[in-house]
Amino acid sequence: MEHTLYKLPYSFDALEPYIDAATMEIHYTKHHQAYLDNFKKVVEKYPELQDKSAENILQNLKSLNVDEADRKALQNHGGGFVNHNIYWSIMGPEKEIDETLVNDIEKTFDSLDSYKELFNLTATKQFGSGWAWLVRDENQELKVYSLPNQDSPLTLRHTPILALDVWEHAYYLKYQNKRAEYIENWWNVVKII
Ligand code: MN3
C-alpha cells in the first residue's frame, strides 16, 4: 500500500493572512513529510502491515503484533501522517457549508457559537503539543476534545471531522506564544463551518 501526503488543492499562500505561507510550506514539506517518512520506516519492518492503510493501522493500534517501541512509533508518526492529511483537507480559501453537520452541531452544542467557544477553549487548554478534535463517537454523536501529541481519534474508534493542530510549529512563526489568536483566526480558513 502506498502512503502519500494529502495533495494540497491550494497554494501555500492561499490561507494568508490567517496562516502564513512560510508556516504552511515548512509544516507541509518538512514536518508532515517527516511523519510520513518515519511511519513508512516502521511499516517496512512488518510484512503484515504492508497492505494496510494508515487509518486501519491506527484503528487497530492496540492489537497489532509489533514490538512496543514500534507501536509507539506508529502512534506518533502514523498519527502525525494521518492527522495532517485531515488538517489540510478541512482548510481552504472557500467555505463548503455542510447543512447536515451544521444542524447536528446546533442540536448537540445548542448553537454554532457555543460549539466554537467549546472548541476554542479545548484547543487553548491542551497543555503542550496536541490537537483539538470534532469527532463522531461510536454512537455517531458529535464530541469535542483534545488529544496530546499525535494521538488519533481513530485509535479510540472515533471518526474525525475537524482537526486543529496546536503544536507550536503550526503557528509560532506568525503568532509566537499567542495560541488563542491563532485558534480564533483559524476559523477563517476552516472550510466546513
Ligand atoms: Mn503539525
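The analysis underlying the following values was restricted to heavy atoms, covering all of them including side chains, and did not include hydrogens, waters or symmetry mates. Indexing begins at 1, ligand by ligand and atom by atom, following the structure's order.
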Excluding water, the protein N, O or S atoms sitting under 2.8 Å from the Mn ion (ligand 1) are H27 NE2, H84 NE2, D165 OD2, H169 NE2
Joint cluster assignment, V190 & L112, ILVMFWY side-chain distance < 4.5 Å: yes
Q. W133 ring centre to K143 NZ or CZ under 6.0 Å, with the angle to the axis within 45°?
A. no
Is D104 salt-bridged to R136, going by a charged N under 4.0 Å from an acidic O?
yes
(message) We want to know whether D37 and Q33 form a side-chain donor-acceptor pair, criterion being a heavy-atom distance below 3.5 angstrom.
(response) yes
I'd like to know if R71 and E68 make a salt bridge, using a cut-off of under 4.0 Å between side-chain N and carboxylate O. yes
side-chain hydrogen bond (donor to acceptor under 3.5 Å, both in side chains) with Q75: of D151, D70, N149, only one passes, and it is D151
